[in-house]
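Ligands are counted one by one from 1 in listed order, and the atoms in each one are counted from 1 as well. This is a predicted model, so every value here is computed, not measured.
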Amino acid sequence: MTNEHPEVSHRIATGDDREIAAYLEIAQHAAAQASDAQDDSPQGRDVVIVIDFGSQYSRLIARRIRELNVYCEVLPATTPWEEIDRLRPRGFIFSGGPASVYEPGAPTPPAEVYEAGVPILGICYGMQLIAHQLGGSVQHSTRREYGHSVLHLAATITDPLLQNLPRTMPVWMSHGDHVTTPPADFHTLAYTDNSPIAVMANGAGYYGLQFHPEVVHTPNGKQLLENFLFHVCGCAPTWTPANFIEETVARIRERVGDGHAICALSGGVDSSVAAALVHRAIGDRLTCIFVNNGLLRKDEPERLRETFGHNLEMRLIYCDSEDRFLRRLEGVIDPEEKRKTIGEEFIWVFEEEAGKLGHVDFLVQGTTYPDVIESLTADNAASAVIKTHHNVGGLPENMRLELIEPLRHLFKDEVRAVGTELGLPDEIVWRQPFPGPGLAIRILGEVTRERLHTLREADAIVTEEIRAARMTRELWQSFAVLTASRTVGVQGDFRTYGNVIAIRAVTSEDAMTADWARLPYDLLAGISSRIANEAPNVNRVVYDITSKPPGTIEWE
Ligand code: XMP
């Protein structure tokens, strides 16, 4: 396997940072192309499509729809009609967006969307677009409307969209433009003090909402979306973990035939669920490679082997590569250099192990839907997407391997639900994110065995205490950091000059922003006293009260 792309192998072998960066880019590009070629969209189930005009809420709309057990995808407004049509949508939702419909170059959907004969729900910009494109008028408001508002349903309305809703209800607004005249066959169904046309409809399945039903500040928004899905579009609630597993397993079986697949198992939720799913489909024709880089948390390698190798009876290759990783990290202090060194070494180990397997056809990866949306919308100027990290793990040297990405269409909560349905333990399904470079980027300065031991003990205490307080799930991440400082302390009758451990615990939706967690003082006190007593050479514990921004979640 290692011989199939000699020029790439050579580049890596030279160890030049830029060459490695270029390699990763080539690999990711090829991987993205390969996945785009996968025909893995759900067949035989109802699909609703969110046409994205750059709203910060587009993903949220899709999640709300999926929570109602209807499959939903977000596609940029620039998507060619053929691609949209391939999914046979039962309905469209036009998202909001930062543009004004009357500006030149304002984003619009493919014209065929209006000819498809299926319902359309326009939200905010989406509503204004329907008005503008179908002959109504939209104007800039003198006063932006932002925040809570009260929606009143017009007196005589009995529309399927508004079933089971109170006549008056709170809604969330965020707009600078508004519809002043609806298109010819549209009626006004509801209004607010500031928006005389807050809901409009044409009686043939086209709707416009000036407010946002997808946000929690619109408490009846879920009912409204439910009405749209089930009473307007006529969808069936068939998007469930069990159906997903059945359908995906059948599709993987068909695709792989009697071929072989490999998977780089890190123990993270995504790679674990992806591996378990593929294992259910093809059993021993999947081999998982687990690289212990020596930078994992306490007992992690043993638990992973127990769960996957023993309990789930997967074919698991365990590579104890601690020595080679630590050797390469000697003297490395710069965080980015640590990342590159670890990423590069990982690729070498992975390639070596995969090369020993003989013929392999597929590579399983735990790509999830947010990654896909991010790459779809990365070129979409309308939405500001910030890409932070590439997880270097799992990139194959040989791009002739076809990718299997069974979670490509799932949000994180759906990945967890599928994991649970597949019988994975809570410890894996609810595992907090853990960075590819592991503890190396939580040790400020040089990574040594001794410093790893100190951090591992401290980190295990944080994990245990947070788990005992039943707070693991509500925190995005919680961990210990070994700082580069030493301070004077007094332990027993002796003065000490020891390490400072920092505790980091944050809440977050997606790691783009985060807030430091308001952990109870008693919990912090318990953690602090245990670390000072039990972790070697530590005499001080501090709590990091920085949000992101300005800090990042990790310290390096
Ligand atoms: P920061 O520290 O940038 O982290 O706020 C955001 C999220 O990304 C994780 N992280 C990484 N994950 N490789 C990874 O696979 C990395 O090099 C890396 N650096 C940060 C971090 O744990 C957090 O969840």
Q. Below 4.0 Å from any atom of ligand 1, is there a heavy atom belonging to Trp476?
A. yes

Q: Kindly identify the option in Lys548, Glu554, Arg339 whose heavy atom sits closest to atom 19 (N) of ligand 1.
A: Arg339

Q) Can you list every ring pair (Phe, Tyr, Trp, His ring centres under 6.0 Å) pair that touches residues 286-326, not counting sequence neighbours? A) Phe290-Tyr318

Q: Please determine, by modelled atom types, if Thr487 and Arg540 share a side-chain donor-acceptor pair under 3.5 angstrom.
A: yes

Q) Partners of Thr546 by side-chain contact (heavy atoms from CB on, under 4.5 Å), sequence neighbours excluded? A) Arg504, Asp544, Pro550

(Q) Please tell me whether Trp239 and Glu414 have a donor and an acceptor in their side chains that are separated by less than 3.5 angstrom. (A) yes

Q | Ligand-side contact atoms (ligand 1) for residue partner Pro437, heavy atom cut-off under 4.0 Å | A | 13 (N), 16 (C), 17 (O)

Q.
Side chain or backbone, does Pro433 bring an N or O within less than 3.5 Å of an N or O on ligand 1?
A. no

**Q.** Within-cut-off N or O pair, Pro435 and ligand 1, under 3.5 Å
**A.** no

Q: Would you kindly check if the NZ (Lys) or CZ (Arg) of Arg63 is within the cone defined by 45 degrees around the ring axis of Tyr57 and under 6.0 Å from the six-membered ring centre?
A: no

